[in-house]
Amino acid sequence: MKEIKIVLGVIGSDCHAVGNKILDNFFTEAGVKVENLGVMVTQDEFIDAAIETGAMAILVSSLYGHGEIDCIGFREKCVERGLGNIILYVGGNLVIGKQSLTNVEKVFLGMGFDRVFTPDADLPSVLKMLEMDTL
Amino acid sequence: MDCISVDLGSTYTKGGLFSFHEGSLKLVSRATVPTTPFDLSAGFNICIQALSKGTQTDYDIPIVFSSSALGGLRIAALGIVPDVTMKMAKLTALSAGGRVSQVFSYKLTEDDLVSLEQEDPDIILFAGGTDGGNEDYIHHNARVLAGSTLKSSIIYCGNRTMKTEVGKILSGREIHFTANILPALNEPAPEEAREKIREIFLEKIVYGKGLDRIIEKTGTRPVPTPLGMYEYAGLISEHSDEWKEFCMIDMGGATTDFYSSCRESSVSEEVVIRGIREPDIKRTVEGDMGMRINALTVLQTANRFLREAILRTGLDFEEFECFVQKVSEKPDFLPSGKVEKEFDRILASACVSVSAERHAGRVESIYTSGGRVKLQTGKNLSGVKKVIGSGGYLSRINAPVWQRNFIDDKGWEILLPQSIEYYRDEKYLFPLLGNIARLYPDESVVLGIDELKKEELSGFGGYSGNPE
């Protein structure tokens, strides 16, 4: 099977590092090649890293509630920079307040993300989806 | 045991006779003669004769030499993303003592190729992709290079996976392979590529203009002067505990080279470092900051700084502009009289201040829901105290005024040294010691530090350039 290469990071002015480390460990142990950019990553830094590493997917985390504004235009920027077909996942506490998952999902899918996850997402099933999507 | 070190500069050929006795190195005599650009060996010979007079016959003692004549080693740097592999290629070329003539990112276009062919660099540093990373851009750029009329040496130092393919595409070209300068995003590895650049310089760049005759006579090969300085800076930090961290400014007629030796440390715990990690010994070259050939561009770039400085000294700005015009046409001009000397010092101050600002890292403060967070890019020089002034100008003049702006135009903090101890390489020994260091590494460091003259940083007129 082809090696899966991903770029991982926490977007915007968000410093939450714990979940990021957990994701890094999980995917690395699962045999995925992870380029982890850590916290406070800009859209351009995600894309720079994806270009250089030849990543197939970018996994964006956001914990602090401003995920929506940080992610606006992400897909468009990927298109502009020649990565139109890259797989984009987003997950975490993406918005502030109690909004239904379907609503949040709708917003982010509308922005061009391929999959949207809650903070309690089951990582082995995320991996399965990743394997499927990168086939 | 005596030995001679010579540095061929574009204006002057400098030499020094050194004696090595009972584990210590001493400077015996110094000589400076004008460089003879059409046959470098002529000036070299005069310099050797001046030094060896009355001791031994000319070429009996070991001679080591360096050269920055002929405009240095021109390197074009190719990468993919400007902030990632292109930046890394640029840093690598500079640390190898090269002059970065051009940089290219992403796909080479036909226009890029035309300008590359016009520039015809000595070396093309072909980087891009982490190991196992991007292949498309590499593939494209290799094909473009294959279709060119370029005669440059090509060093492939990109994605390891593409090595065989690049070799196939560029077969028949002079191509060298080294390890990837950026195997993973946060693991810079410029060493192999730097070594290869040096080998290529030794093998092929040194021919012509009489350098081959010097090689024949001395039996040694030159290094590019900035590479000698770079390695000497590394030796100083390795061999002296008090000189682990320092900055060194080498100012010439055309450029100002700024070196820093310090680990890339963050300003504090709450700081997030972003961007690629810069090397412990970093060199930047400001191609528009020169005391003679580029004096007019300094006048443009640092106009406000210069106006303020002239105002403080009570001198006349128009007169200063005439002075700048005059020196820019005469690379070997030496100031005479009090006013001209002060003008020269002000010009040098502008070069120092601007070059340092460009070399140092930045900190941006961001206010988040969780409080203030600082983002740092580049090197943090704020804890560095020692600063060495070398090169034809800084060796000759008293400490220049280093005006430090700690905030840049964007409101970001500039990580410049907070308090400075300034040392002048009064005898202009550093390029010579950079050569001698190949024979006597430890001793050359001891001598270099011993010969430095500590000076107070002063100001223009009554004004102190040091904010403390």
Side-chain angles (χ1 to χ4, degrees), chain A residues 2-18 20 24 28 31-56 58 62-70 77-78 80-86 92-93 95-97, chain B residues 78-89 105-107 127-141 157-162 180-188 266 269-277 363-377:
Chain A
K2 208 162 87 176
E3 186 185 37
I4 300 174
K5 292 181 268 186
I6 62 167
V7 171
L8 189 69
V10 186
I11 198 167
S13 309
D14 193 342
C15 313
H16 292 92
V18 179
N20 172 260
D24 190 350
T28 306
V32 174
K33 192 168 180 198
V34 181
E35 187 64 59
N36 186 9
L37 302 178
V39 299
M40 300 191 76
V41 183
T42 65
Q43 292 188 1
D44 271 317
E45 284 171 323
F46 275 112
I47 300 169
D48 285 350
I51 293 173
E52 294 283 5
T53 58
M56 299 142 186
I58 299 176
S62 178
L63 254 296
Y64 71 158
H66 306 292
E68 188 176 346
I69 195 148
D70 290 335
K77 207 165 221 170
C78 289
E80 287 284 352
R81 299 196 53 192
L83 288 182
N85 294 325
I86 197 159
N93 285 319
V95 292
I96 292 176
Chain B
L78 259 64
I80 300 179
V81 175
D83 278 344
V84 188
T85 45
M86 190 184 90
K87 185 175 178 197
M88 195 57 219
S105 58
Y106 301 111
K107 285 182 178 168
T130 52
D131 280 348
N134 196 296
E135 300 180 359
D136 303 346
Y137 289 96
I138 302 291
H139 196 265
H140 173 91
N141 290 346
C157 51
N159 182 358
R160 191 172 64 92
T161 320
M162 290 297 285
N180 192 348
I181 51 175
L182 199 68
L185 281 189
N186 52 4
E187 284 173 29
S266 66
E269 293 272 306
E270 305 88 63
V271 169
V272 178
I273 295 189
R274 69 166 22 152
I276 59 169
R277 199 163 56 77
V363 167
E364 177 189 5
S365 288
I366 290 187
Y367 293 88
T368 73
S369 48
R372 192 173 72 156
V373 180
K374 289 178 163 188
L375 283 182
Q376 181 185 332
T377 40

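Hydrogens, waters and symmetry mates play no part in the numbers below; they use all other heavy atoms, side chains included. Every chain is numbered from 1, with letters handed out A, B, ... down the list of sequences.
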Please flag which part of Leu375(B) lies under 4.5 Å from any non-hydrogen atom of chain A: side chain, backbone, both or neither. side chain

Pick one of side chain, backbone, both or neither for Asp131(B), based on which atoms fall under 4.5 Å of a heavy atom in chain A. backbone

Side chain from CB out, backbone as N, CA, C, O: work out which of these in His16(A) comes under 4.5 Å of a heavy atom of chain B, or both, or neither. neither

Closest non-hydrogen atom pair between Val84(B) and Asp48(A), with its separation: CG2-CB, 3.9 Å

For Val81(B), is there any backbone N or O sitting under 3.5 Å from a side-chain donor or acceptor partner on Glu52(A)? yes

Hits for side chain to side chain donor-acceptor pair (under 3.5 Å) against Arg160(B), two or more places apart or cross-chain, chain-then-number order -> none

Does Ile96(A) CD1 have over 12 foreign heavy atoms under 6.0 Å away? yes

Do you know which two heavy atoms are closest between Met40(A) and Arg274(B), and how far apart they sit? O-NH2, 2.7 Å

Under 4.5 Å from any heavy atom of chain B - which part of Ile47(A): neither

Mind ranking Ile80(B), Val373(B), Asn159(B), Leu185(B) by heavy-atom pairs under 4.5 Å with chain A and telling me who comes out on top? Leu185(B)

Interchain contact, Ile366(B) with chain A, by part (heavy-atom threshold 4.5 Å): side chain

